[in-house]
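Data first, discussion second: the structure below is written as structure tokens.
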Amino acid sequence: MPQNHPFSIRCDVHSIGEVTLFKTTTLIFTAFLSTAALAEEQNFTISGGQVSVPVGLTVQVKSVVVGDDATKVRLRASFDSHKTNFINMNDRENAYLSWADGDQGRLHMRQISSNKWMRVSNAKTMEGDLVFPGTIPAEVTNVVLFFNPGNSGDDTNAPGVTIPLELKK
């Protein structure tokens with residue numbers, strides 16, 4: 001007696017033509033399921049995700065979503081300082097996500113057309129989704145988000161910010 005399963009297909013085959021049709025249908029159905037699985041977004045719970053630097057900038061990562069062609073990072077940046085009126089979070093070197101040494105283990109941020117330097121004025125908060133074209137490999141559980149790499153956290157123009165993130169499904 002056949003067992004019922006939500007995705008089972010019962011087929012009585014009587015000729016060679018029906019076998020070919022059954023195989024083709026099975027192949028198309030399998031390809032569809034594989035594509036649907038790849039297209040699903042992976043939402044991660046963030047452990048860590050908040051850093052403050054001496055110049056007066058606090059950055060919080062709220063979420064990370066890995067899609068089939070891009071990774072989105074929901075970010076909040078608040079700036080309060082007696083040293084300067086604004087800072088740039090994406091100054092000379094583009095911000096990036098990294099999970100390994102070298103360029104093969106990183107995704108560079110797509111620049112924001114209305115604020116390519118990611119300028120935050122004093123006493124203001126900026127919040128939104130940053131887009132990193134590409135995906136983080138499925139086996140990766142730790143990434144680091146870099147803004148102005150190589151700069152110190154007290155740089156009054158473009159403070160360096162490094163945010164380690166543990167990704168939990």
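Nearest heavy atom pair, residue P54 against residue D154, reads CB-CB, 3.9 Å. When all heavy atoms of N151 and A158 are compared, the pair lying nearest together is ND2-O, 2.7 Å. Summarising the geometry of A70 relative to V131, their closest heavy-atom pair is CB-CG1, 4.1 Å, with the distance given to 0.1 Å. Residue V73 comes nearest to V64 through the heavy atom pair CG2-CG2, 4.3 Å, listed as atom of the first residue, atom of the second, then distance.
To the nearest 0.5 Å, the span separating CZ on R110 from NZ on K116 amounts to 15.0 Å. For the atom pair CD (E166) and OG (S47), the distance works out to 4.5 Å, reported to the nearest 0.5 Å. The CG atom of L130 lies 5.5 Å from the CD1 atom of I112; values are rounded to the nearest 0.5 Å. Here the CZ-CG distance, from R119 to N85, works out to 10.5 Å after rounding to the nearest 0.5 Å.
Counting only distance, with no hydrogens or angles, the side chain of T71 and the backbone of G134 share a donor-acceptor pair below 3.5 Å.
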Audit row: N115, M126, side-chain contact (heavy atoms from CB on, under 4.5 Å) steps and yes/no: CA-CA 11 Å; N115 188 2; M126 174 176 63; 3.8 Å; yes
Residues L167, I46; criterion side-chain contact (heavy atoms from CB on, under 4.5 Å); working and verdict: CA-CA 5 Å; L167 306 176; I46 303 301; 3.8 Å; yes
Pair N122-F79, side-chain contact (heavy atoms from CB on, under 4.5 Å): steps then yes or no: CA-CA 5 Å; N122 200 11; F79 180 60; 4.1 Å; yes
Return all side-chain donor-acceptor pairs below 3.5 angstrom for residues 142-149, not counting sequence neighbours, or 'none' if the list is empty.
from, atom 1, to, atom 2, distance (Å)
N148, OD1, D91, N, 2.9
N148, ND2, N88, O, 2.9
N148, ND2, M89, O, 3.4
N148, ND2, P159, O, 3.0

Return all side-chain donor-acceptor pairs below 3.5 angstrom for residues 92-108, not counting sequence neighbours, or 'none' if the list is empty.
from, atom 1, to, atom 2, distance (Å)
N94, OD1, N90, ND2, 3.1
N94, ND2, M109, O, 2.5
S98, OG, A100, O, 3.1

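In this structure, F132 is not a member of the same hydrophobic cluster as V65, with clusters built from ILVMFWY side-chain heavy atoms closer than 4.5 Å. The hydrophobic cluster containing I163 also contains V140, counting ILVMFWY residues as joined when their side-chain heavy atoms lie under 4.5 angstrom apart, directly or transitively.
Put simply, the residue from V53, T162, L75 that forms a side-chain contact (heavy atoms from CB on, under 4.5 Å) with V59 is L75.
A 6.0 Å sphere centred on NZ of K83 holds more than 12 heavy atoms belonging to other residues, nucleotides or ligands.
Looking at heavy atoms from C-beta onward, F44 lies out of side-chain contact with K168 at the 4.5 angstrom threshold. E127 places a side-chain heavy atom less than 4.5 Å from the side chain of R74.
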